[in-house]
Amino acid sequence: MTSDVKTITITGAAGQIGYATAFRAAAGAIYGANTRVRLNLLEIPEAAQAAAGVAMELTDSAFPLLSEVNTFDDPNTAFEGASVGLLIGARPRTKGMERADLLAANGQIFGPQGAAINDHAADDIRVVVVGNPANTNALIAAKHAPDVPAERFTALMRLDHNRGLGQLATKTGSAVNDIEKFAVWGNHSASQFPDLAHTLIGGTPALELVSEDWYRETFIPTVANRGAEIIQIRGGSSVASAASSALDHMRDWINGTGERWVSMGVPSDGSYGVPEGLICGFPVTCTNGEYTIVPDLDMSPFACDRLDVSVNELREEREAVRDAGLIS
Ligand code: NAX
């Protein structure tokens, strides 16, 4: 057991995904079995009482690794000393709301949270944004944190990645662990590009085990539209799978992946023609707390077209938040 206690700040902690995330984070899902954690739960004032109830249940669970749990309605205090920020709380899209309105409403949340992270978080802060539109919300937060390296602000693409692994394992009768080099590129939206071109299953190229037609006409739309399908079938949006994926994202970033690829939404360094700074899904590997975009992959004309569509959407989102004065 290390003597260091790591602070994990969870926003939207009384919401569905926040609730599902907090208990596993308290049980060691991010830092492992040898690091104690402090959970800071951030909510809006209207949900402060519900967050206090979540904190009571966390206390009642007597997690050996949980040193303390606190609730806040001010991001400045909630991010004090934070090493991990799980930015889950967001403004949902309501009926009749245009995408630009949604982006603007979320800018009011992620701007101040970025500024609070800038001023109060620990030097090793790492952020994953789950609240939608996740990629652009992460960009807004990063732009409000000029003293924090931009690469510490990431967006969740891991749920899309895990959904792809699940579909492929089911289709081929293989174990998810046998699948390597799968990637989800682009935006966490229906425009995303789940890419099997480099994927191996038990060492065999995936595209020798499934047809090109299944890949393009079934696999890609199924993964990209899985969130909507879950809502339709379950009667509610993805919750436990989103929480699980957010924890996977942070655990792998901190503890490393070895040679294994995972998908993360990270600020582009210009790789694969993605404009620098856009927070875009890429295949990455993680070592020593840092991720590296997998370099030099061959991209077919099909892959380039798919990536372009999603990157254009990210570009439009960036323009919309610029026009709204949320970033410069
Ligand atoms: P809920 O509505 O259950 O919970 C959201 C919580 O956030 C609420 O308790 C609300 O009070 C709180 N909140 C709102 N503004 C806040 C603020 N400024 N500071 C702190 N807390 C605030 O939604 P839930 O189902 O938990 O989903 C949360 C977000 O995840 C949504 O934006 C959703 O669209 C997004 N998702 C993202 C996914 C991804 O892969 N990136 C997949 C799952 C999910 O759809």
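Every number for a ligand or one of its atoms is a count from 1 in the order of the listing.
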Is a donor from one side chain sitting under 3.5 angstrom from an acceptor on the other, for Glu313 and Ser191?
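Side chains of Glu313 and Ser191: pair found under 3.5 Å.
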Greater than 12 external heavy atoms within 6.0 Å of Met56's CE
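At most 12 heavy atoms, drawn from other residues, nucleotides or ligands, come within 6.0 Å of this atom.
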Within-cut-off N or O pair, [X] and ligand 1, under 3.5 Å:
| X | answer |
| --- | --- |
| Ile109 | no |
| Gly12 | yes |
| Thr11 | no |
| Asp160 | no |
| Glu43 | yes |
| Ile17 | yes |

Any cation-pi pair here, Arg306 with Trp185, using under 6.0 Å and within 45°?
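No, Arg306 and Trp185 do not form such a contact.
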Cationic tip of Arg216 above Phe302 ring, under 6.0 Å, 45° of axis
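Judged by the rule (NZ or CZ under 6.0 Å from the ring centre, within 45° of its axis), Arg216 counts as positioned above Phe302.
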Does a side-chain heavy-atom distance below 4.5 Å link Asp73 with Ile44?
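Result no, sub-4.5 Å side-chain heavy-atom pair not found.
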Side chain or backbone of Leu159 under 4.0 Å from ligand 1, or both, or neither, by non-hydrogen atoms?
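It is the side chain that touches ligand 1; the backbone stays farther off.
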Select one of side chain, backbone, both or neither to describe which atoms of Glu46 lie under 4.0 Å from any atom of ligand 1, heavy atoms only.
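Glu46 to ligand 1: no contact under 4.0 Å from either part.
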Determine the interplanar angle of the Phe193 and Tyr215 rings, folded into 0 to 90°, and report it as parallel if under 30°, tilted if 30 to 60°, perpendicular if over 60°.
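Ring orientation of Phe193 relative to Tyr215: tilted.
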Could you tell me, atom by atom, which parts of ligand 1 come under 4.0 Å of a heavy atom of His188?
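Close to His188: 38 (C), 39 (C), 40 (O), 41 (N).
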Which ligand 1 atoms does Gly131 reach within 4.0 Å, using its non-hydrogen atoms?
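Those atoms are 29 (C), 30 (O), 32 (O).
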With a 4.0 Å cut-off on heavy atoms, does Ile88 reach ligand 1?
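For ligand 1, residue contact (heavy atoms, under 4.0 Å) with Ile88 is present.
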Walk me through whether Asp124 and Arg152 qualify under salt bridge (Lys or Arg N to Asp or Glu O under 4.0 Å).
CA-CA 9 Å; Asp124 64 349; Arg152 300 289 188 81; over 6 Å; no
Option whose closest heavy atom lies nearest to atom 36 (N) of ligand 1, chosen from Asn132, Leu41, Asp74:
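Answer by nearest heavy atom: Asn132.
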I want to know whether Trp214 and Phe219 have ring centres closer than 6.0 Å.
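Close enough - the centres of the two rings lie under 6.0 Å apart.
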